[in-house]
Amino acid sequence: MKKKAALHNLGCKVNAYETEAMQQLLEENGYEIVPFAPGADVYVINTCTVTNIADRKSRQMLHKAKKMNPGAVVVAAGCYVQAAKEEIEKDEAIDIVIGNNRKKDLVRILEEHWEKGKQEEESVIDVNHTAEYEELSITRTAEHTRAYIKVQDGCNQFCSYCIIPYARGRVRSRQLPDVVSEVRGLAASGYQEVVLTGIHLSSYGIDHGSSLLELICAVNEIEGIRRIRLGSLEPRIITEEFVSVISGMEKICPHFHLSLQSGCDATLKRMNRRYSTEEYYEKCQLLRKYFENPALTTDVIVGFPGETEEEFGETKKFLEKIMFYETHIFKYSRRKGTKAAVMENQVPDEIKSRRSAQLIELGNKNQRAYEEAYIGKEAEVLFEERFIKDGEEYFSGHTKEYIRVAVRSKEDLTNKIRRIILTESDFFAKID
C-alpha cells in the first residue's frame, strides 16, 4: 500500500516552488499525495523564518501535523529549521529535520527513517559555506496557467534587519541551460506565463559569469511562453541598458516589484540598504520612461529601530510621490542574530501599528487610483480560474500589470489570453 504524504508551505514563492518540487519527488517515488488533514503517514512542512510571526506559524503547523496523526512522521524543512536547528531538534513533535540545500534528499532521508526508526543522517548543513545550487525542478505547478521558477538562492546583502542570508547562505545561481530546459517543459505542458524568482533575484549569475538580463533573453526565446514576469528586484539592477533591452520584449510584463523598505535616507543607512531615495526615485522614473504606466510595487518596513516621527513622515511623503500600485507594509520584527536586534531605540508595538495603518490606508488609495486609470481601456488578460457568483459563471485572471479582473462568460476562458475593455465591474467582481 502506498504511503500517504501531505505537504504544507509557509513563506515566499521560492519556498512554494521547493514544496512543489518535494511533492513531485515523493510522487515519483511511490507516495500518494493527500490533503493536509488527518490520515497522512508523512507531513512535510516547508517552514519560514522571515519574521517572528513566521517562526510561530511554522511551530504551529508542525504541532498541528503531529496532533492530526501522532503516529505519522513529521518533517520540518527549510528556513526556520536552518535558523533554529537546536530548538527544532528538541521538539518532540518533529521526527525529521531538513535544512536548506538538502530538500532534494527528502526521499532518501525518509527511507532511512522507515528502515531504522529514526533519522541518523545530518541534514542541516552550513549553507553559509557552500557554493552548491540545490537542483530541484518541477514539471507542473498548483497554478494551472502561471509557473513560478526558482533560478537563484541565497543573498550577500546582509541588511541589518534580515535573517535570510543566515538561513539561505550566499548567492548560488542555477545554470542557465537548466532553467531553459525546465521552462521549455512547462511551455509544452501548456503554461503560458513564467515568473522568475529567487531569494535575491537581481544577483542571478554573479557566481558563474552570467546575469539576470542574459537569463531573461534566453527565456524570451522559448516558444509557447507568452508572458515573463519578474520577482522582487533590487533598485540597482534597473539601469538604462537593462530597461531598454527588456522593454523591447513583448513578453515582459510591465509589473516591477522594487524593494524599498524605507523612504528615509537615514533609515535606509541604518538598514544597510545600498541606495538613496533619490537613486530609487530615478529607477522608478527610468521604468516609467520605457514602459507606459508600469505597475510598480514595493515593500516597506515601519518601526525600524530609531525611526522617529520625522523619519516616518519622510517615508510617507516618498510613497505619496512614487504612487505605487501596491505597497506591502511590514512592522519591524526583531530577529535574533541580526545587527538591528541590538540597536538602540526599539520602536514600541503600538507606534508600529499606528504607522502601519497609515501606510496601508495610503497604499489602498494608490491602488484604487492606479486601477481606476484603466477603466475604459483595453488590456490583455490571462484567465486562470472559473467561479460562480450570484448564479452566474465568471472567469478571473490578471492583466500584464497584474491587475486582477473577472468577467462573465459562457465560454471556458481558463488558460486563454483575451484582450478586453476593462469596466469598473470587472475590477470589483469578487470570489465569494
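Note that the structure is a prediction, hence the values are computed from the model and not measured.
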Counting C-beta onward and ignoring hydrogens, is there a side-chain heavy-atom pair between T297 and H255 closer than 4.5 Å? yes
Closest contact, heavy atoms only, R274 versus N156: NH2-O, 4.0 Å
Do S160 and N272 have side-chain atoms, one donor and one acceptor, less than 3.5 Å apart? no
If you compare all heavy atoms of L215 against all heavy atoms of Y204, which two are closest, and at what distance to 0.1 Å? CB-CE2, 3.8 Å
So P294 and L296, do their side chains get closer than 4.5 Å, heavy atoms only? yes
E241, CD atom: more than 12 neighbouring heavy atoms under 6.0 Å: no
Pair E18, K150 - check salt bridge (Lys or Arg N to Asp or Glu O under 4.0 Å), show working. CA-CA 8 Å; E18 292 170 344; K150 177 188 171 186; 2.6 Å; yes
In the structure I gave you, are the side-chain heavy atoms of Y275 and K283 within less than 4.5 Å of one another anywhere? no
Keeping the roles fixed (side chain from N100, backbone from A167), state whether a donor-acceptor pair exists under 3.5 Å. yes
From the list R174, R168, R170, salt bridge (charged side-chain N to carboxylate O under 4.0 Å, His left out) partner of D153 resolves to R168
For the residue pair F395 and F383, is the inter-centroid distance of their aromatic rings smaller than 6.0 Å? no
Is there a side-chain contact between I421 and K377 (heavy atoms, below 4.5 Å)? no
Got more than 12 heavy atoms from elsewhere within 6.0 Å of NZ, K64? no
Do the side-chain N and O atoms of E371 and Y325 include a donor-acceptor pair separated by under 3.5 angstrom? yes
Distance, nearest 0.5 Å, that separates CD1 of I301 from OG1 of T267: 10.5 Å
For the residue pair D265 / T277, report whether a side-chain donor-acceptor contact shorter than 3.5 Å exists. yes
Distance-only donor-acceptor check, side chains E87 and Y80, under 3.5 Å: yes
Does the pair R226/E193 count as a salt bridge with the N-to-O cut at 4.0 Å? no
Do the two ring centres, one from F324 and one from H328, sit under 6.0 Å apart? no
Taking the basic N atoms (NZ, or NE/NH1/NH2) and the acidic carboxylate oxygens, is any pair closer than 4.0 Å for K289 and E240? yes
Report the C-alpha separation of Y280 and S276 in whole Å, then their side-chain angles, then the decisive distance to 0.1 Å, and conclude whether the side-chain contact (heavy atoms from CB on, under 4.5 Å) test is met. CA-CA 6 Å; Y280 188 100; S276 66; over 6 Å; no
Would you say the ring centroid of Y43 lies under 6.0 angstrom from that of F36? yes
Flag yes if more than 12 heavy atoms outside E278 fall under 6.0 Å of its CD atom; otherwise flag no. no
Has R335 got a side-chain atom pairing as donor or acceptor with I163's backbone, closer than 3.5 angstrom? no
Can a side-chain donor-acceptor contact be found between S232 and S259 if the only test is distance below 3.5 angstrom? no
Any side-chain heavy atom of Q152 within less than 4.5 Å of one from T197? no
Main-chain N/O of E32 paired with E27 side-chain donor or acceptor, under 3.5 Å: no
Any donor and acceptor pair, going by atom type alone, linking the side chain of D390 with main-chain N or O of E392 inside 3.5 Å? no
Consider side chain to side chain contact (heavy atoms under 4.5 Å, CB included). Of R355, M271, K352, which one does Y332 pass it with? K352
Are any of the side-chain nitrogens in E89 or K85 under 4.0 Å away from the carboxylate oxygens of its partner? yes
Taking T315 for its side chain and G263 for its backbone only, find out whether a donor-acceptor pair lies under 3.5 Å. yes
Side-chain ion pair, D95 and K66, N-O less than 4.0 Å: yes
Salt bridge or not between E134 and K103? Use side-chain N to carboxylate O under 4.0 Å. no
Quick one: do the E214 and S210 side chains pair a donor with an acceptor below 3.5 Å? yes
Would you check if there is a donor-acceptor pair between the side chains of R386 and S396 at a distance under 3.5 Å? no
Sub-3.5 Å donor-acceptor pair from the side chain of N46 to the main-chain atoms of N15, do we have one? yes
Does a donor on one side chain sit under 3.5 Å from an acceptor on the other, for E384 and H398? yes
Within the supplied structure, the quantity of interest is the number of heavy atoms (other residues, nucleotides, ligands) at a distance under 6.0 Å from E292 CD; does it exceed 12? no
Note: L201 and G231 closest approach over all heavy atoms is CD2-N, 3.5 Å
Mark yes or no for whether R229, through its side chain, and K400, through its backbone, hold a donor-acceptor pair below 3.5 Å. yes
Min side-chain heavy-atom separation L260-D299 under 4.5 Å: no
T145 and N415 side chains, donor-acceptor separation under 3.5 Å: no
Derivation of the side-chain contact (heavy atoms from CB on, under 4.5 Å) call for V194 and R227: CA-CA 6 Å; V194 292; R227 290 181 171 186; over 6 Å; no
Heavy-atom check, side chain of V407 versus side chain of Y394, under 4.5 Å: no
Should the pair K3 and Y31 be classed as cation-pi, given the thresholds of under 6.0 Å to the six-membered ring centre and 45° from the axis? no
Looking at E307 and R270, does any basic side-chain N land under 4.0 Å from a carboxylate oxygen? no
Please determine whether a side-chain nitrogen of the Lys or Arg among E279 and R273 lies less than 4.0 Å from a carboxylate oxygen of the Asp or Glu. no
Pair E135 + K104, salt bridge at N-O below 4.0 Å: no
Check the surroundings of atom CD1 in I33: do more than 12 heavy atoms from other residues, nucleotides or ligands lie under 6.0 Å from it? yes
Hey, does the side chain of Y290 reach the backbone of I246 with a donor-acceptor pair shorter than 3.5 angstrom? no
side-chain contact (heavy atoms from CB on, under 4.5 Å) between L110 and V42: does it pass, once the steps are laid out? CA-CA 9 Å; L110 275 171; V42 181; 4.1 Å; yes
If you look at every heavy atom in L186 and A147, which pair is closest and at what distance? CD1-CB, 3.9 Å
Can you find a side-chain donor-acceptor pair between Y370 and E401 that sits under 3.5 Å? no
Side chain of Q24, backbone of R140: donor and acceptor closer than 3.5 Å? yes
What are the two closest heavy atoms between S173 and H208, and how far apart are they? CB-NE2, 3.3 Å
What is the minimum heavy-atom distance between D207 and R172, and which atoms define it? OD2-CA, 3.3 Å
Using side-chain contact (heavy atoms from CB on, under 4.5 Å), reason through D178 and L176 one step at a time and then give a plain yes or no. CA-CA 5 Å; D178 293 338; L176 193 150; over 6 Å; no
State, with a plain yes or no, whether a side-chain heavy atom of D55 is found less than 4.5 Å away from one of V50. no
Salt bridge present between E309 and R354 (N-O < 4.0 angstrom): yes
Polar side-chain atom of E20 near backbone of Y148 as donor-acceptor pair, under 3.5 Å: no
